[in-house]
Amino acid sequence: MANGQWFPQDWPERIRALARGTLTPVVPKRAATVMLLKDAGQAATDPAAGPAVHMLRRRASMAFAGGAYAYPGGGVDPRDEERGIRWAGPTRAWWARRLDVDEVAAQAIVCAAVRETYEEAGVLLAGETPDSVVGDTTGAGWEEDRAALVDRELSFAEFLDRRGLVLRSDLLGAWTRWITPEFESRRYDTFFFVAALPPGQRTRNASTEADRTVWIRPEEAAAGYERGELLMMPPTIATLRQLIPYGSAADALAAAPARDLTPVLARARIEDAAGGAGGGIVLTWPGHDEFTRRIPTDLPTGGASA
């Protein structure tokens, strides 16, 4: 592994099967993930530094991206589409235009972003009024509700009603969108958001899927990736680098509305020896040349990763 890049070992055979027409791509499941930021003062680090981002390390035993660093997030729960969910901020119609989906899907994606951040990091982007945010979310009662959400015993709409809270969609900024390659066995259509850690709240490792969480400046995380110390998938390292220029969480949030949400989808092509460099499988991510990889076509199934 030249750096912290994560490539599954079964890609070569699945790519060959896709090229032969014997592999039917899995329909990607909609998902949301949140790059939660806090400024240097909150992070108790160098005041001149930019914001830190909250990351978790997925357990090595996880079937998808085990051992990789990522952000809190997960798949859309069908109940995230429920009518009557308490809502503040831009309308569902506004979010539908921003995310290029219908209004039902827009609500579900935004709800998933807020719900998963609470489930995995204990941070809740909601308040008792459209212009307030809850403070400390620790304590037995909060933890019982969070566990019920994780176990799907409680929908997010029910949780908000029980607590008398409204979802603060205005605290999110849509940042980018990545779709898992067609040759993957697990596929996600993932919307990445940015958000600032609300005053009075603090993160914790509330996820059963993670064995470690950190607050780290994007440039430090990127350097760890380059040294091969931090394992990351392409969307994670790409978004980390995109955050580096911003001096505060507010700056990143202000930049979000102008971000291009055209989906990033990896492509694979098979070249014969005449195609140059001895042929092989060439993986490309449009707009992200650094991730281009060539894999020999004669690797056995389950062979070495790229």
Quiz prompt | Worked check of side chain to side chain donor-acceptor pair (under 3.5 Å) between Glu82 and Ser155 | solution = CA-CA 9 Å; Glu82 288 182 356; Ser155 74; 3.3 Å; yes
Any donor-acceptor N or O pair under 3.5 Å, side chains [X], [Y]:
X	Y	answer
Thr239	Tyr71	yes
Arg30	Tyr188	no
Thr33	Glu116	no
Thr292	Asp289	no
Trp95	Ser169	yes

Closest heavy-atom contact between [X] and [Y]?
X	Y	value
Leu18	Pro25	CD1-CG, 3.9 Å
Ala108	Val76	CB-CG1, 3.7 Å
Leu165	Ala126	CB-CB, 4.3 Å
Leu265	Pro181	CD1-CA, 3.9 Å
Val53	Pro218	CG1-CG, 4.4 Å
Trp142	Arg163	N-NH2, 3.3 Å

Self-check item: side chain to side chain contact (heavy atoms under 4.5 Å, CB included) between Leu197 and Val123, intermediate numbers included
Solution: CA-CA 7 Å; Leu197 179 68; Val123 171; 3.6 Å; yes
Report yes or no: does [X] contribute a side-chain atom to a donor-acceptor pair with the main-chain N or O of [Y] at less than 3.5 Å?
X	Y	answer
Asp136	Gln201	no
Arg168	Pro130	yes
Glu120	Gly73	yes
Arg14	Phe183	yes
Arg98	Ala174	yes
Asp260	Thr262	yes
Arg79	Arg152	yes
Ser132	Glu128	yes
Thr137	Gly122	yes
Asp80	Asp77	yes

If you round to the nearest 0.5 Å, how far is [atom2] of [Y] from [atom1] of [X]?
X	Y	atom1	atom2	answer
Leu37	Asp39	CG	CG	8.0 Å
Trp178	Trp285	CH2	CH2	8.0 Å
Met233	Leu231	CE	CG	9.5 Å
Phe192	Arg177	CZ	CZ	12.0 Å
Thr284	Phe291	OG1	CZ	12.5 Å

Check whether any side-chain heavy atom of [X] sits under 4.5 Å from a side-chain heavy atom of [Y], and report yes or no.
X	Y	value
Val166	Leu160	no
Val264	Pro235	no
Leu172	Val110	yes
Leu283	Arg267	no
Ile109	Phe193	yes
Ile281	Arg16	yes
Ile216	His54	no
Tyr69	Leu56	no

Quiz prompt | Geometric class of the Tyr246/Trp175 ring pair [parallel <30°, tilted 30-60°, perpendicular >60°] | solution =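 Ring orientation, 0 to 90° scale: perpendicular.
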Self-check item: Ring-face cation of Arg92 near Trp87 (centre distance under 6.0 Å, axis angle within 45°)
Solution: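 Verdict for Trp87: a cation-pi partner in Arg92.
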Self-check item: Enclosure of Asp100 CG (heavy-atom neighbours >12, cutoff 6.0 Å)
Solution: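 Not buried by this count: 12 neighbours or fewer within 6.0 Å.
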Any salt bridge linking [X] with [Y]? Criterion: basic side-chain nitrogen under 4.0 Å from a carboxylate oxygen.
X	Y	answer
Glu119	Arg115	yes
Arg187	Glu184	no
Asp145	Arg162	yes

Quiz prompt | Pair Phe159 + Tyr118: ring centers closer than 6.0 Å | solution =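 Centroid separation for Phe159 and Tyr118: below 6.0 Å.
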Exercise. Find out if a path of hydrophobic residues (ILVMFWY) with successive side-chain heavy-atom gaps under 4.5 Å connects Val133 to Leu125.
Key: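 Per the 4.5 Å side-chain linkage, Val133 and Leu125 are co-clustered.
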